[in-house]
Visitor: 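Handing you a structure now.
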Protein chains: 2
Amino acid sequence: MHAAFEKEFHYSPLIRKLDSIFPLSADERQAVLDLPMQIAALKEDQDIVREGDRPGRSFQILSGLTCTYKMTGDGKRQIVAFGIPGDMPDIQSLHLKVLDLSVATLTPCSVGFVPHDALWDLCLRHPRLCAAFWRESLVEAAAFREWVLNVGRREAYPRMAHILCELLVRLRAVGLAEDHVCDLPITQAEFADALGITTVHVNRVLQQMRREGLIATKGSRVAVPDWEWLKAEGDFDPTYLHLQHSGAVQ
Amino acid sequence: MHAAFEKEFHYSPLIRKLDSIFPLSADERQAVLDLPMQIAALKEDQDIVREGDRPGRSFQILSGLTCTYKMTGDGKRQIVAFGIPGDMPDIQSLHLKVLDLSVATLTPCSVGFVPHDALWDLCLRHPRLCAAFWRESLVEAAAFREWVLNVGRREAYPRMAHILCELLVRLRAVGLAEDHVCDLPITQAEFADALGITTVHVNRVLQQMRREGLIATKGSRVAVPDWEWLKAEGDFDPTYLHLQHSGAVQ
DNA sequence: CGGCGTATTGAGATTCCTCAATTACGGTGG
DNA sequence: CCACCGTAATTGAGGAATCTCAATACGCCG
């Protein structure tokens with residue numbers, strides 16, 4: 001019984017995500033549970049996959065936070081997405097042989113690797129699951145587009161507010177945030193790489209936010225006293241996250 | 001015969017793209033040709049679809065240039081992608097009901113609308129075609145990631161050089177550019193919205209590029225005297241375009 | 001020959017950056 | 001419980017890239 005429980009536990013972020021897209025049939029659910037998955041426990045600040053890799057498997061985040069990033073030729077880093085439990089940041093490697101991105105852990109993480117051939121097999125047998133994976137990659141693309149808008153057309157202050165909104169909404173959707181409080185173990189240097197600004201500037205923006213009462217922090221814990229206010233400052237509209245199937249407060 | 005020829009002509013960008021991903025069987029080819037497609041001729045500077053729409057069809061660009069863009073709440077525009085013949089910029093609407101992006105023509109365009117149910121039917125009957133469409137949306141996502149990197153971590157000059165590289169390589173891949181010359185009917189204001197900078201600054205960057213001989217322009221015609229030089233200035237590595245199947249010079 | 005959209009120019013303002021300390025904090029060993 | 005260490009956060013001052021706001025010039029179309 002213990003092994004079965006552990007399996008449910010490990011697969012649950014994926015099952016949960018697929019199930020939120022459309023209710024899984026018993027058959028489909030079983031097919032996902034039958035996926036071979038190699039669990040790995042990773043320390044923080046460790047690359048899971050790296051640009052240029054040709055992996056034969058994709059992974060799912062079971063617990064912990066990751067970031068997806070790219071580097072310029074002169075060594076500047078840009079984070080293009082944060083990964084939370086249930087995400088599969090390198091699902092693209094199923095179709096595209098050479099990875100054009102890297103994924104690193106921000107915290108200790110547990111991830112599950114699934115061989116590509118098993119995923120292919122699943123997709124062929126279960127068109128609806130195939131559609132769900134495809135859909136997930138489209139949602140991911142929508143988030144990249146919003147990220148471009150954020151970095152390209154918002155100033156540092158609303159840019160930071162926007163990222164905080166996105167993180168909070170997504171964490172709520174997977175049950176990792178109470179209404180307006182969550183744990184964000186992300187350093188200012190990491191925020192800087194996500195926002196396309198400097199660590200120093202991140203620091204100043206955060207100070208201003210705290211001074212004005214837009215957010216309150218204690219360690220890595222972030223509280224948002226007035227959600228509507230933060231949304232307004234961040235010019236945040238959650239449509240692009242395509243979460244309508246979850247009942248999360250937005 | 002005339003009608004058949006016209007059909008081949010209209011479908012060719014799509015067939016060509018799918019065929020470049022993997023050689024189509026006669027069956028698959030015919031299935032694509034059998035897709036109902038409504039052709040429309042559009043003027044320049046016209047929205048094809050708009051954020052918030054719930055289209056029941058997707059479109060393919062048959063000729064002309066488009067841009068995919070988003071707006072901030074205070075009316076600033078960010079272009080997140082350029083579309084060229086063969087692209088399907090709103091394929092996401094097949095899975096995501098509400099559009100989170102807008103697509104507009106930059107030049108007069110011919111586009112082909114395909115109803116979603118026909119696409120779903122095609123995907124169910126032909127898993128390889130489904131995979132090809134999915135793959136295309138992943139390539140698109142890879143381009144968004146690079147766009148984030150470009151806007152977030154490169155200064156205006158290399159940022160512009162990078163966009164020029166991307167456009168040139170993609171246009172070459174569909175036969176719309178000679179080796180190092182192409183037609184880019186994109187205004188400086190449109191480049192500004194793509195790069196996340198000001199029209200004034202685009203102008204100054206382009207002047208510098210011309211002064212230094214990195215590019216030469218005549219009307220909307222752009223010539224690149226030294227491709228390797230432009231690539232170097234733009235920190236451009238075409239891996240993210242995942243074009244390995246085409247024989248284009250990169 | 002106008003007229004209109006696009007490109008160009010100039011000068012002053014801003015945001016954000018760079019560089020270099022300095023301080024705070026979480027965890028560790030004594 | 002406290003001293004110590006390393007990472008992360010904070011601060012200050014000067015500089016650079018980019019913006020804003022006009023104003024002017026160009027080029028194509030009718």
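Atom set for the values below is all heavy atoms of this structure, side chains included, hydrogens, waters and symmetry mates excluded. Protein chains get the first letters and strands the later ones, always in sequence-line order, with residue 1 at the start of each.
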Visitor: Specify the separation, in whole Å, of atom NE2 of A:His201 and atom C1' of D:dG12.
Guide: 15 Å

Visitor: Any luck finding a side-chain donor-acceptor pair between A:Tyr69 and A:Glu51 under 3.5 Å?
Guide: no

Visitor: Rounding to an integer number of Å, can you tell me how far A:Arg154 CZ sits from D:dC19 C1'?
Guide: 19 Å

Visitor: Could you check how far NZ of B:Lys218 sits from P of D:dC26, rounded to whole Å?
Guide: 18 Å

Visitor: Write down the distance between CZ (B:Arg211) and P (C:dT9), rounded to a whole number of angstrom.
Guide: 9 Å

Visitor: To the nearest Å, give me how far apart CD (B:Gln208) and P (C:dT8) are.
Guide: 14 Å

Visitor: Going by distance alone, is a donor N or O of one side chain under 3.5 Å from an acceptor N or O of the other, for B:Glu190 and B:Thr187?
Guide: yes

Visitor: Looking at residues at least two apart in the chain, or sitting in another chain, which of them share a ring pair (Phe, Tyr, Trp, His ring centres under 6.0 Å) with B:Phe144?
Guide: none

Visitor: Verify, without hydrogens or angle tests, whether B:Asn150 (side chain) and B:Arg159 (backbone) share a donor-acceptor contact under 3.5 angstrom.
Guide: yes

Visitor: Please check this pair: side chain of B:Ser220 against backbone of B:Leu184, looking for a donor-acceptor N/O pair closer than 3.5 Å.
Guide: no

Visitor: Tell me the closest heavy-atom pair linking B:Leu206 and B:Gln188, and the distance in Å.
Guide: CD1-NE2, 3.7 Å

Visitor: Which pairs with one or both residues in residues 198-211 of chain B pass salt bridge (charged side-chain N to carboxylate O under 4.0 Å, His left out), sequence neighbours excluded?
Guide: none

Visitor: Restricting to side chain to side chain contact (heavy atoms under 4.5 Å, CB included), what partner residues turn up for B:Asp53, sequence neighbours left out?
Guide: B:Val49, B:Arg50, B:Pro55, B:Leu99

Visitor: Figure out the CD1/C1' separation between A:Ile197 and D:dA17, and round it to whole Å.
Guide: 15 Å

Visitor: Could you write out each protein N or O paired with an N or O of nucleotides 4-11 of chain D at a distance under 3.5 Å?
Guide:
unit_1, atom_1, unit_2, atom_2, d
D:dA9, OP2, A:Gln188, N, 2.9
D:dT10, OP1, A:Arg210, NH2, 3.0
D:dT10, OP2, A:Gln188, NE2, 2.7
D:dT10, OP2, A:Asn203, ND2, 2.5
D:dT10, OP2, A:Arg210, NH2, 3.2
D:dT10, O5', A:Asn203, ND2, 3.0
D:dT11, OP2, A:Gln207, OE1, 2.2
D:dT11, OP2, A:Gln207, NE2, 2.8

Visitor: Side chain of B:Glu146, backbone of B:Ala143: donor and acceptor closer than 3.5 Å?
Guide: no

Visitor: To the nearest 10°, give me the bend of the helix from C:dC1-D:dG30 to C:dG30-D:dC1, comparing the axes of its five terminal pairs at either end.
Guide: 40°

Visitor: Tell me, which of residues 64-79 of chain A have any heavy atom that sits under 4.0 Å from an atom in DNA chain C?
Guide: none

Visitor: Would a distance-only check, ignoring hydrogens and angles, find a side-chain to backbone donor-acceptor pair under 3.5 Å from B:Trp147 to B:Ala194?
Guide: yes

Visitor: Work out which heavy atom in A:Gln92 is nearest to a heavy atom in A:Asp100; give both atom names and the distance.
Guide: OE1-OD2, 3.3 Å

